[in-house]
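Counting begins at 1 with the first residue of the sequence. Note that this is a predicted model, so its numbers are computed, not measured. Because only heavy atoms are used, hydrogens play no part in the values below, and waters and symmetry mates are left out as well, while side chains stay in.
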Amino acid sequence: MPESAAPKDPSTSAERRGAAAPATPMMAQYLEVKRAHPGCLLFYRMGDFYEMFFEDAVTAARALDIALTRRGKHAGEDIPMCGVPVHAAEAYLARLIRQGFKVAVCEQTEDPAEAKKRGSKAVVRRAVVRVVTPGTLTEDTLLDARAHNYLAALADAAGAYGLAWLDMSTGDFQVQPVAPADLAAALARLDPGELLVPERLLQRPELFEVMNEWKAVLSPLPSSRFDSESARRRLEALYGVKALEAFGSFGRAELAAAGTLVDYVELTQQGRLPRLGPPRRIAEGAVLEIDAATRRNLELTRSLTGERQGSLLSVIDRTVTGAGARALAAALSAPLTDPKAINARLDMVGFFVEEERLREGLRERLRRCPDVERALSRLTVGRGGPRDLAAVRDALAEAEALRDLLGAPGLTPPPAGVAAAVRGLGHHADLVDRLKRALAADLPLLARDGGFIARGYLAELDELRTLRDESRKLILGLEARYREETGIGSLKIRHNNVLGYYVETTPTHADKLARAGKDGAASPFIHRQTLASAVRYTTVELGELERRIASAADKALAVELALFEDLVGEVTARAEPIARAARSLANLDMAAALAELAVEQRWCRPVVDDGLAFRIEQGRHPVVEAALARSQEGSFVANDCDLGPERRLWLVTGPNMAGKSTFLRQNALIAILAQMGSYVPAAAAHIGVVDRLFSRVGAADDLARGRSTFMVEMVETAAILNQAGPRALVILDEIGRGTATFDGLSIAWACVEHLHEVNRCRALFATHYHELTALAAKLPALAPYTMRVKEWQNEVVFLHEVAPGAADRSYGIHVAKLAGLPPAAVARAEQVLETLEQGEQAGALTRLADDLPLFAASLRRAEPAPEPRPSPVIEALAAVNPDELTPKEALELLYRLKSIAATGRDG
C-alpha cells in the first residue's frame, strides 16, 4: 500500500499538553482552532505577525529557515514559537505550499478595543478565514501565470471510477470516466497540484502504483465525503438546476468526484465559492491518451531535467497572454481525436496565417489584455482588490476593440471557431464605462488601503476627502471669515488635544466676540477658557467642522469600501459573460500564436481524418531544429515517413548518433501537434487520428521501486503490447539492449511479431539487431529502413537521412572513438570485432580470452619507445643539393636510390 500523502498533524502533542493542564485564554483559543484544522499549519494572527506555536513552530521554522524562539510556558514546558510578518506572508505561504504543506489562516475578527469591553483579560475573537492548499490557490504570487493549477478528485461508485478536476483560479471544471488502466495517463495529462481520494481507494491493490506515483499531492478524505447522491444535490444547488443532464450524462463515480471537489473548495474557502463553470464531461476516447512514460520521453511540457526550457511547449509557445499560454498548454497535453474538432482548430490557425495584418493587430491588442480569468476568480471568492477590477475593465475594453477589429467590413469571412470567439467576446461597454469612471489611475493592491475611487465619481466621497486632505485649508478659510466678520485681525483658530479646535483672541478683544451677534442675535462664539494672555471660544460651526474632519478619513474609507463592494457585485453578477469573453480571448491568442509559429518556422497544415494514414513529407523535429538554429550548428535534415496500412511497421536500423531516436520522436511530436490543432514542421502531412501514443525511448532506472534499467524497459514495453490497438502510434527504440545478446534479440524479435500480428498498429521500431530485417520476408506490413552513413577517408559521416534498406554495421566502435575511448581499447575492439565477424563465435571467443593483447599493448605503451631510424633513402636524399647536379649525376643518383630501396642500405 502506498504511503498516505496527508501531512502529519503537528498539533498532536500540543493538544495532549493542553488536555493535561489548564491553558491561558489565548493558548486555549489557539488549541481550539488547531483542533478544528488537523493536518494544517496554523497561521495565528497576533498584531502584525502570523505566529505559530508548538510543533507547528518547529516544522515551519525548519521549512522556512526562520528563527525558532520561545513564548512563555504551557504545562510546565517552554512553548516553541516562530512567526512571519503579515505584509510578507504570501512569500512564506508560497514556500510552504511548494513543500506540500497546508496552511490554515486564522485572523482577528474583532477590534482589540471591543475585546477590552468584555474585560481586561478577554481574548480578541479569531477565526480561520481560509485554508490554503496546493490545489486551491488564487493569488498571482502563488501561481504560474502560464500554467493551470488543477485540484483533482478520484472517486468510485458502482464498480466504475470517475475523475474530476477544476482550476479554482479560472473556474475551469471538467470530469471524465476513467478505467484503472488509464488512470496514470489521465493524471499525467492533468498534472494536478492536489488530488483528493477516498481513504478506501488507498487499499486497492490495482491502484497502489498510481497512488505511489502521486503520493506527494494526495489528500485522502473520509470515504463518506464521496457519496454520489449528496454530490448530485450539491451540484444541483450550486448551479440552480433540478437536474444535471443539461451539462452531460454523468455516471455516479463522476458525480461523486465533482461534488467532492465543490465541497472541498467551499470548506477551504470557509463558505465562499469562486465562480465555477458548469462541469464539462470529457467522453471516453475524446483525447489522445499519452501515458506518463511517453510524456516524459517526448518532453512535451517539461524537459527530462524537469524544466520548461527545452520542452516542446517552450518551442511552440508564441502566446502573448497568460490565459492563452494556459490554453495552449492544455491543448498540447490533451490532443483531440475527433477530426471535425481538430479541423475546426486548424481552420482558425489557417485564417490567421492568411490574414497577416489582422494577426498582427490582434496580437498587439492581446498584449494589453490582463489576466481577466484569474482576476474574476479572486473577485468572486472575496479575495480580489482594485487592481482586479482594473484587469476586468482593461480586458473587456480590449475585447470590445477586438470585436470591432475582427468584424471589420471587407474582411475574409472568418471560420466557425473565430466567429464563435467573436460572439463570446460579448458586449460590455456599460460595465467598462462605469469601471473607467469609478477607478483611479493609480491603484493600491488592497481595497482597505483606500484611494482607488476616482475623484468626481461621487460627490459625497470627494467632500470627505476634501475634509480629510484639506482640513488645514478649511480651518484657515473659516479663520479668515471670522476675522472679517469680527474685525479682529489677530483672531486665530488653534488646536490642542484637550479642547480640540478653538477660536483664540487676546483679552482686549474678548468683548468684541461676546457682542458679535448680528441684528441683536446672540453671539455665535461660546466661551471655553480664559487665560492670562488669551481667551478661547468655540462655535457650533467650528464644532461641526471638527467632527467632520475627525471622521472624514474613516468615512471616506468606508464609502470607498462600499463602492468597491458595489463594483464587485456588478462584476460578479456578470461573471458568466465575462468568463466567456476571457475564454474567447484565450482561444484567439492560441490560434494567432500558432499561426505566428507556422509562418515563422514554415510549418504546413496537416490533413487529419479518421483513416489510418500516416504520411509525413520532409518532417522535422521542432525542438532539435530550434536548438540547431540557436547554436548556429547547421540546418536540420528533414525526412519522410509513411506508415500506411501496407507498410505500417518500420524497422529502422543504423548506427548510434545517426539520428534514429530523433526520427522516431519527431514523428510522434508531429502527430501530437496535428491533433492539438497546430500546423506541423513538415512539407506535407496526412494523419489518420491516433487514439493512443506510446513511446519507449531512452534508458533510465527506477531504484526507488527496485527496478533496473532493463526492468523499466520491459514494464513500459509490456504496457505497449497489452494496450496498443490499430489506431495507436508506437515508437520503440532499442528493445532488448539491457540483457544478454540472444535474450535481447529474442525479445525484440517477439515484440516485432506481436506489433505486426496482434496490435496491428502504426509503429516505428529502431534496433541494432540487424537480424530482425529477415522478418521482412514473412511480415508483409514490415518495411526495413536505415539511417544513411558515408565512409570517407577512414572516417564515418552521419548523414541523418532515412532510406529504404537495412544497415550492415552499427559503427559502435567509431562512436566509441568519438567519445574518447583510449586508442588501445579502440584498436582492441576493432580486432575483436574482426575476429567475431570471421566465423564460429564460441571458438573465437576462447581464442580471444586466451590472448589478451589489450593489456600487452597497454604495457608496451607504458615503456619508452625507441627513436625511429630514418630511412636510408631519406638520408641519401638529405645529402643531395639538386641545384648542383648535372644531368648525368642526376641519372646516377636515381639508380643509386633504386638500389638503396631494394637492399635497404647504401652501397
For this session: Evaluate the criterion side-chain contact (heavy atoms from CB on, under 4.5 Å) for residue pair Gln174 and Leu163; output intermediate values, then yes/no.
Result: CA-CA 9 Å; Gln174 300 180 61; Leu163 185 65; over 6 Å; no

Take a 6.0 Å sphere around [atom1] of [X] and say whether it holds more than 12 heavy atoms from other residues, nucleotides or ligands.
X      : atom1 : answer
Arg448 : CZ    : no
Arg302 : CZ    : no
Arg574 : CZ    : yes

Exercise. Are Phe247 and Tyr239 close enough that their ring centres sit under 6.0 Å apart?
Worked result: yes

For this session: State whether the side chain of Gln270 and the backbone N or O of Leu267 hold a donor-acceptor pair below 3.5 Å, judged by distance alone.
Result: yes

Exercise. Is there a donor-acceptor pair under 3.5 Å between the side chain of Ser303 and the backbone N or O of Glu299?
Worked result: no

Identify all side-chain donor-acceptor contacts of residues 275-289 below 3.5 Å with residues at least two apart in sequence or on another chain.
| from | atom 1 | to | atom 2 | distance (Å) |
| --- | --- | --- | --- | --- |
| Arg275 | NH1 | Glu576 | OE1 | 3.4 |
| Arg275 | NH1 | Glu576 | OE2 | 3.1 |
| Arg275 | NH2 | Thr170 | O | 3.2 |
| Arg280 | NH2 | Asp172 | OD1 | 2.8 |
| Arg281 | NE | Ser249 | O | 3.0 |
| Arg281 | NE | Glu254 | OE1 | 2.7 |
| Arg281 | NH2 | Glu254 | OE2 | 3.2 |

Basic-acidic side-chain contact under 4.0 Å: [X], [Y]:
X      : Y      : result
Arg130 : Glu139 : yes
Asp291 : Arg296 : no
Lys34  : Asp56  : yes
Arg326 : Asp167 : no

For this session: Find out whether Val132 and Lys102 are in side-chain contact, i.e. whether some heavy atom of one side chain is under 4.5 Å from a heavy atom of the other.
Result: no

Exercise. What is the distance from atom CG of Leu64 to atom CG of Leu68, rounded to the nearest 0.5 Å?
Worked result: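 The CG atom of Leu68 is 11.5 Å from CG of Leu64, to the nearest 0.5 Å.
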
For this session: Take Gln309 and Ser314, measure what side-chain hydrogen bond (donor to acceptor under 3.5 Å, both in side chains) needs, and give me the verdict at the end.
Result: CA-CA 6 Å; Gln309 186 63 33; Ser314 70; 4.8 Å; no

Seminar exercise, completed: The salt bridge (charged side-chain N to carboxylate O under 4.0 Å, His left out) partner of Arg146 among Asp589, Asp140, Asp317 is Asp317

Exercise. Is the Tyr30 ring parallel, tilted or perpendicular to the Phe54 ring (thresholds 30°, 60°)?
Worked result: tilted

Exercise. Tyr44 ring centre to Arg126 NZ or CZ under 6.0 Å, with the angle to the axis within 45°?
Worked result: yes

